[in-house]
Amino acid sequence: MRRRTLLAGAIVTAMSTSALTGGTARAADPGPSVTKTGTTTLDSQAVFFVSYDGLVNNNSFQKNGLLTYKGYQYAVWYTADKNAVVGRRVLGGSTWSTVQVGHTLKASDSHNVISMGVSKVDGRLHLNMDSHSDGFTYVKSVAGLMDNPAGLSWTAARFGAPQSTLDGLALTSQFTYPQFISTPDGKLQLSYRVAISGNGRNALAEYDGSTWTNLGEWSSSTGTYTSEHGSSTARNMYLHGIDYDKNGRLHSFFTWREQNGAVMCNSGGITNHDTGYVYSDDRGRTWRNNAGTLVATTGTTNTVAVTDSALVIDSLNPDHSLMNQESQFTDSAGLPHAIISYVPGRFGQCTTNYVTDRTANGRAFHVRKNSAGTWQKTEIPVPLNSSQRTKLVLDKYDNAYAIFPFGRIAGASKASGYTDWTLLYDGSGLNAFGEVVIDEMRIAQDNVLSVMYQEKSSGTTPSALHVVDFALPA
């Protein structure tokens, strides 16, 4: 019988002490805190419809729907008439300048998000949008736009025509989950899924400043997974993220989703199981498991498979409504952290409706690797009250922040070993629908946590889309 097992290693409780350097006491690093500094409105009437329990303008896998680069912040969304828009503002500014990029949302499907990326090698902004197991739309700016924002006007003429390929590179006819990643050497990579939920593979493409190249697939959909209830021979790996750390290592946490519902205790659940982890030290060309063993070479038949050893860092069977595509972050030492969420066993060993059960009893957990190489896990004592996902960021002191549905924020200090999770902001007054989008890049720019959220509405009545800013510890 497959049961959830706690990660090896005890939770370490750290005590803050003053360090004496040259006879002078150094104050302990501050713990986590958030101070709301302001809210701006991107669109008073953004498109609103609920599908897959989410919104097309605010989805967990939207990397990046909001980003900061060289003193300016950028956001993407669909307007009430479904036009794709990209906006920018000076950091801290109250006014957003917007341009339409010539594309209209083709379907009321919350998977069809807009994701942004920056190719540092030539200063372009890239957009990939409107895809769910079919074709995508791609738009890129002129070179240098991101390097000289104050000197270049923000107009539609700065963007090329929408394309159905990456400058002629077609990739796949079943494309989903675009995620742009800026590489340490200034190139831009695009992570995406080939094929469909329950039977798909992760892949990478790369832009070097002149040409897109398809690096190929790196995860497998084949192999046999067996639970106490039954077996499945097809699946896909859902990523909690894909990010480079300060040292150039590429990290990815994930969960598996099985195609065959026979692996579950009840058909109302969800077939997601286990939290896994892999990394790459050569820009995604090869992948290694937690033990450091080579488990995949991108673009070959040797891809990460459910049957590979030392992938799972937290074991959980498919009976607890484990969520896919949650969140991850790396700290100042390059150590990986993630948020995962599910219904703990104390609420029963068989979820029968994953939305209802997660809303009633779901909990989020902080999973991270410590400096000794041991995986640790802490339950965050804030009920989800939602079926949706939670985002994770770390500040410059490596304090952790979990941004829950409805814009609630909890924090934990590095000094405590991340054992002192507490609610810092309850989201009151936002009227946020659920999942939010985080500016992962802004924290390093000016020590501010920016959260993009959309107000609750009903049916297909448009609602306001905002960005709220929180100052983090100085």
Got Thr390 and Val382 here, is their nearest side-chain heavy-atom distance under 4.5 Å? no
Quick one: do the His273 and Thr255 side chains pair a donor with an acceptor below 3.5 Å? no
Using side chain to side chain donor-acceptor pair (under 3.5 Å) as the criterion, point out the one residue from Thr303, Asp308, Thr298 that pairs with Trp287. Thr298
Test side chain to side chain donor-acceptor pair (under 3.5 Å) applied to Asp185 and Thr183, step by step: CA-CA 5 Å; Asp185 53 348; Thr183 71; 2.4 Å; yes
So, taking the atom named CG in Asn385 and the one named CZ in Arg408, what distance separates them when rounded to the nearest 0.5 Å? 5.0 Å
Output, in order, the C-alpha distance, side-chain angles, deciding distance and verdict of side-chain contact (heavy atoms from CB on, under 4.5 Å) for Leu250 and Asp243. CA-CA 5 Å; Leu250 184 60; Asp243 300 278; 5.6 Å; no
If we ignore hydrogens and angles and just use 3.5 Å, is the side chain of Ser252 paired with the main-chain N or O of Gly241 as donor and acceptor? yes
Is any side-chain heavy atom of Tyr192 closer than 4.5 Å to one of Gln179? no
Is it the case that the ring center of His466 lies less than 6.0 angstrom away from the ring center of Tyr453? yes
Would you check if Thr352 and Asp357 make a side-chain contact, meaning some heavy-atom pair closer than 4.5 Å? yes
For Asp167 and Lys140, run salt bridge (charged side-chain N to carboxylate O under 4.0 Å, His left out): C-alpha distance rounded to whole Å, both residues' side-chain angles, the deciding distance at 0.1 Å, then the answer. CA-CA 10 Å; Asp167 295 336; Lys140 69 178 182 182; 2.8 Å; yes
Do the side chain of Ser110 and the main chain of Ser51 share a donor and acceptor less than 3.5 angstrom apart? yes
Taking Lys414 first and then Asp29, would you say they form a salt bridge - that is, a charged N and a carboxylate O separated by under 4.0 Å? no
Shortest non-hydrogen pair, Asp319 vs Cys265, comes out as OD1-N, 2.8 Å
Test side-chain contact (heavy atoms from CB on, under 4.5 Å) on Asn128 and Leu190; report intermediate values, then the result. CA-CA 9 Å; Asn128 192 297; Leu190 177 63; 3.8 Å; yes
Hey, are Arg257 and Asn324 close enough side-chain-wise for a donor-acceptor pair under 3.5 Å? yes
Short question: side chain of Arg358, backbone of Ser321 - any donor-acceptor pair under 3.5 Å? yes
Is there a side-chain contact between Arg363 and Arg346, using heavy atoms and a 4.5 Å cut-off? yes
Beyond-backbone contact of Gln73 with Leu66, side-chain heavy atoms, under 4.5 angstrom: yes
Do the side chains of Tyr225 and Ser227 get nearer than 4.5 Å, heavy atoms only? yes
Donor on one side chain, acceptor on other, Gln454 and Ser463, under 3.5 Å: yes
Starting at CE of Met264, measure out to CG of Asn272 and round the result to the nearest 0.5 Å. 9.5 Å
Do the rings of His366 and His337 sit parallel, tilted or perpendicular, given the 30° and 60° boundaries? parallel
Would you please test Gln189 and Tyr244 for side-chain contact (heavy atoms from CB on, under 4.5 Å) and show each step? CA-CA 11 Å; Gln189 294 179 325; Tyr244 284 98; 2.8 Å; yes
Any side-chain donor paired with an acceptor under 3.5 Å for Asp282 and Ser280? yes
Tyr78 side chain reached by Asp130 side chain, heavy atoms, under 4.5 Å: yes
Please evaluate residues Lys391 and Glu435 with respect to the criterion salt bridge (charged side-chain N to carboxylate O under 4.0 Å, His left out), reporting the C-alpha separation (whole Å), side-chain torsions for both, the decisive distance (0.1 Å), and the verdict. CA-CA 8 Å; Lys391 301 295 290 184; Glu435 287 184 356; over 6 Å; no
Before we go on, tell me: are the rings of His320 and Phe347 under 6.0 Å apart, centre to centre? no
Quick check: Phe253 with Trp375 (ring centres under 6.0 Å apart)? yes
Evaluate Ser416 against Ser413 for side chain to side chain donor-acceptor pair (under 3.5 Å), listing each step before the verdict. CA-CA 6 Å; Ser416 74; Ser413 67; 3.2 Å; yes
Rounded to the nearest 0.5 Å, what separates atom CG in Leu127 from atom CD in Gln163? 11.5 Å
Please report the interatomic distance CD1(Ile181) to CG(Asn64), rounded to the nearest 0.5 Å. 10.0 Å
Tyr279-His251 aromatic ring centre distance below 6.0 Å: no
Checking Gln376 against Asn370 for the side-chain contact (heavy atoms from CB on, under 4.5 Å) test, could you report, in this order, the C-alpha distance in whole Å, the side-chain angles of both residues, the deciding distance, and whether it holds? CA-CA 7 Å; Gln376 299 179 290; Asn370 65 24; 3.3 Å; yes
Pair Lys246-Asp331, salt bridge (charged side-chain N to carboxylate O under 4.0 Å, His left out): steps then yes or no: CA-CA 8 Å; Lys246 57 177 284 186; Asp331 65 23; over 6 Å; no
Is Thr300 reaching over with its side chain to a backbone N or O of Asn302, donor-acceptor style, under 3.5 angstrom? yes
Any luck finding a side-chain donor-acceptor pair between Glu258 and Thr271 under 3.5 Å? no
Taking C-beta and beyond as the side chain, do Thr351 and Ile270 meet within less than 4.5 Å on heavy atoms? no
Assert yes or no for the condition that the ring centre distance of Tyr177 to His111 is strictly below 6.0 Å. yes
Would you say the side-chain atoms of Thr233 pair up with the backbone N or O of Thr224, donor to acceptor, closer than 3.5 Å? no
What's the spacing between Phe49 CZ and Ser457 OG if we round to 0.5 Å? 12.5 Å
Using only atom types and a distance under 3.5 Å, with no angle test, would you say the side chain of Asp53 pairs donor to acceptor with the backbone of Val355? no
For the residue pair Thr378 and Trp421, confirm or rule out a side-chain donor-acceptor distance under 3.5 Å. no
Can a donor-acceptor pair be found, under 3.5 Å and without considering hydrogens, that links the side chain of Asn247 to the backbone of Gly334? no
Run the ring-centre check on Tyr52 versus His132 and record whether the distance is less than 6.0 Å. yes
Aromatic ring centroids of Tyr425 and Phe470 under 6.0 Å? yes
Check step by step if salt bridge (charged side-chain N to carboxylate O under 4.0 Å, His left out) holds for Arg249 and Asp281. CA-CA 5 Å; Arg249 174 170 288 182; Asp281 284 332; 2.8 Å; yes
Rounded to the nearest 0.5 Å, what separation is found between the CG atom of Leu169 and the OG1 atom of Thr165? 7.5 Å
Would you verify whether the NZ or CZ of Lys377 falls within 45 degrees of the ring axis of Phe365 while also being under 6.0 Å from that six-membered ring's centre? yes
Going through the distances and angles, do Glu228 and Asn317 end up as a side chain to side chain donor-acceptor pair (under 3.5 Å)? CA-CA 9 Å; Glu228 62 198 87; Asn317 69 17; 3.2 Å; yes
Take Asn199 and Arg235, measure what side chain to side chain donor-acceptor pair (under 3.5 Å) needs, and give me the verdict at the end. CA-CA 4 Å; Asn199 191 11; Arg235 70 203 45 80; over 6 Å; no
